[in-house]
Amino acid sequence: MFITSALLSKGGKEVHLKTEDGLFYSISVPDAKICGIYDAVTDNSLLPLETDGEFIEFCSEKLKCIHYAAYLLSFGDKSRKALLFKLKTKGFDKELCEAALEVLENSGLINDESLCARKLESIAKSKLYGPRRLKSELLSKGFSSDIIDDAFDSVDLDFDDLLEQLITKLIRGNMPETDKELLSLKNKLARYGYDYSSIDRLLKDFSD
């Protein structure tokens, strides 16, 4: 492939290329430097310039993938796994997706560790979920077990306080009067993700 025109974008982050066949491509500045095209942006005497056509096409598609991922992120933070799924659904192949996501990770636009910690704290405080339910929710959002465990270590959550808030919300000032009602309450609290030992301990405090 011979490049006949190389122009820097208005934002200075991309290079717009034209080939001798009249085809147009846009690639990132780092990729333009890797393939030796960037110098031609300021020195037209280097044109026409022969380069690897397959690499240019790959870089151009990667940039499109990056733009689409950034568009998806404009609607809210997403995990790496969730983004990968959406990019593949859009039609980008896995190699392109992985290359694009690496760029976004290096630029700080994707950070599963901090995102997981934020979601953990937000869900816990808004829905009053316990540890088991929280882990299940975060796994369903595409976070790995290791990242979730790190999030639990980094976020300061008082699960006794959350469970107390939940009990207060569910009983509405009236403790269960029968064993059947008490068991129903315990099972409901367990479905929120709390273990029965914590539930029994907190309910005893409410009864005293």
Side-chain angles (χ1 to χ4, degrees), residues 1 6-19 23-35 37-38 51-155 157 162 191-193:
M1 175 187 287
L7 300 172
L8 195 63
S9 67
K10 187 176 292 185
K13 295 182 179 179
E14 301 172 10
V15 176
H16 302 313
L17 307 173
K18 181 180 178 181
T19 73
L23 301 176
F24 293 89
Y25 298 95
S26 292
I27 66 176
S28 69
V29 166
D31 284 338
K33 291 179 178 179
I34 289 172
C35 63
I37 291 176
Y38 188 73
T51 189
D52 184 343
E54 288 187 5
F55 182 71
I56 295 300
E57 290 174 2
F58 179 84
C59 292
S60 179
E61 288 301 304
K62 181 176 73 172
L63 187 59
K64 291 177 184 177
C65 190
I66 291 171
H67 285 324
Y68 186 66
Y71 166 74
L72 294 174
L73 289 169
S74 70
F75 293 99
D77 290 334
K78 291 177 178 60
S79 69
R80 192 185 197 281
K81 184 176 180 180
L83 266 182
L84 178 61
F85 174 77
K86 287 184 176 293
L87 292 173
K88 289 170 69 176
T89 301
K90 184 69 175 176
F92 295 105
D93 66 41
K94 186 175 181 180
E95 185 181 4
L96 271 173
C97 294
E98 292 291 348
L101 292 175
E102 183 179 355
V103 172
L104 293 171
E105 285 175 328
N106 291 338
S107 65
L109 291 177
I110 303 176
N111 187 322
D112 275 6
E113 288 79 6
S114 62
L115 175 59
C116 185
R118 292 199 304 275
K119 285 193 175 294
L120 169 61
E121 187 169 21
S122 174
I123 296 172
K125 291 182 177 180
S126 62
K127 297 187 176 182
L128 305 177
Y129 286 164
R132 288 202 317 273
R133 182 68 180 272
L134 285 168
K135 185 161 188 176
S136 176
E137 290 285 318
L138 292 170
L139 284 170
S140 72
K141 294 181 183 299
F143 297 105
S144 69
S145 291
D146 288 343
I147 287 177
I148 294 171
D149 290 341
D150 289 342
F152 272 97
D153 289 338
S154 66
V155 174
L157 288 172
L162 293 176
R191 290 195 293 274
Y192 270 78

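When a residue number appears, it is its place in the shown sequence, counting from 1. We use all heavy atoms of the structure for the numbers below, so side chains are in, but hydrogens, waters and symmetry mates are not.
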Option passing side chain to side chain contact (heavy atoms under 4.5 Å, CB included) with C59 (candidates I34, I37, D31):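 Result for side chain to side chain contact (heavy atoms under 4.5 Å, CB included) with C59: D31.
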Passing option when E61 is tested against I27, L96, I56 for side chain to side chain contact (heavy atoms under 4.5 Å, CB included): L96
List the atom of [X], the atom of [Y], and the distance in Å for their closest heavy-atom pair.
X	Y	value
Y129	L162	O-CD1, 4.3 Å
K62	A99	CD-CB, 3.5 Å
V29	G12	CG2-O, 3.5 Å
C116	I147	CB-CG2, 3.7 Å
L73	L109	CD1-O, 4.0 Å
A117	V155	O-CG2, 3.5 Å

Salt bridge (Lys or Arg N to Asp or Glu O under 4.0 Å) partners for D93, two or more places apart: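 For D93, no residue satisfies salt bridge (Lys or Arg N to Asp or Glu O under 4.0 Å) once neighbours in sequence are set aside.
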For K135, give me all partners under salt bridge (Lys or Arg N to Asp or Glu O under 4.0 Å), at least two apart in sequence or on another chain.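 Residues passing salt bridge (Lys or Arg N to Asp or Glu O under 4.0 Å) with K135: D149.
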Would you say the side chain of V15 lies within less than 4.5 Å of the side chain of L8, judging by non-hydrogen atoms?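 SC-SC contact between L8 and V15 confirmed.
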For the residue pair Y25 and L63, establish whether any side-chain heavy-atom pair is separated by less than 4.5 Å.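 No, too far: nothing below the 4.5 Å cut-off.
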Non-neighbouring partners of [X] that pass side chain to side chain donor-acceptor pair (under 3.5 Å), sequence neighbours left out:
X	answer
E113	none
E102	none
E95	none

What's the verdict on side chain to side chain contact (heavy atoms under 4.5 Å, CB included) for E14 and H67, showing C-alpha distance, side-chain angles and the deciding distance? CA-CA 12 Å; E14 301 172 10; H67 285 324; 2.9 Å; yes
A cation-pi test, strictly: NZ or CZ of K90 under 6.0 Å from the centre of the six-membered ring of Y68 and no more than 45 degrees from its axis. Yes or no? yes
Could you tell me the separation between the [atom1] atom of [X] and the [atom2] atom of [Y], rounded to the nearest 0.5 Å?
X	Y	atom1	atom2	answer
E54	M1	CD	CE	9.5 Å
L128	R133	CG	CZ	11.5 Å
D153	I148	CG	CD1	12.0 Å
S60	F55	OG	CZ	11.5 Å
L157	E121	CG	CD	6.0 Å
L120	L115	CG	CG	11.0 Å

Quick check: are there more than 12 heavy atoms from other residues, nucleotides or ligands sitting under 6.0 Å from CZ of F85?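 Check fails, neighbour count at 12 or below.
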Applying side chain to side chain donor-acceptor pair (under 3.5 Å) as the test, list every pair that has at least one member in residues 71-85; sequence neighbours left out. D77-R118, R80-E98, R80-E105
Side chain to side chain contact (heavy atoms under 4.5 Å, CB included) assessment of L139 paired with S145: CA-CA 7 Å; L139 284 170; S145 291; 3.8 Å; yes
Run the numbers on S9 and H16 for side chain to side chain contact (heavy atoms under 4.5 Å, CB included), then give the verdict. CA-CA 7 Å; S9 67; H16 302 313; 3.5 Å; yes
Assess the residue pair F143 and K119 against the criterion (side chain to side chain contact (heavy atoms under 4.5 Å, CB included)); give the C-alpha distance rounded to whole Å, side-chain angles, the decisive distance to 0.1 Å, and a yes or no. CA-CA 11 Å; F143 297 105; K119 285 193 175 294; 4.0 Å; yes
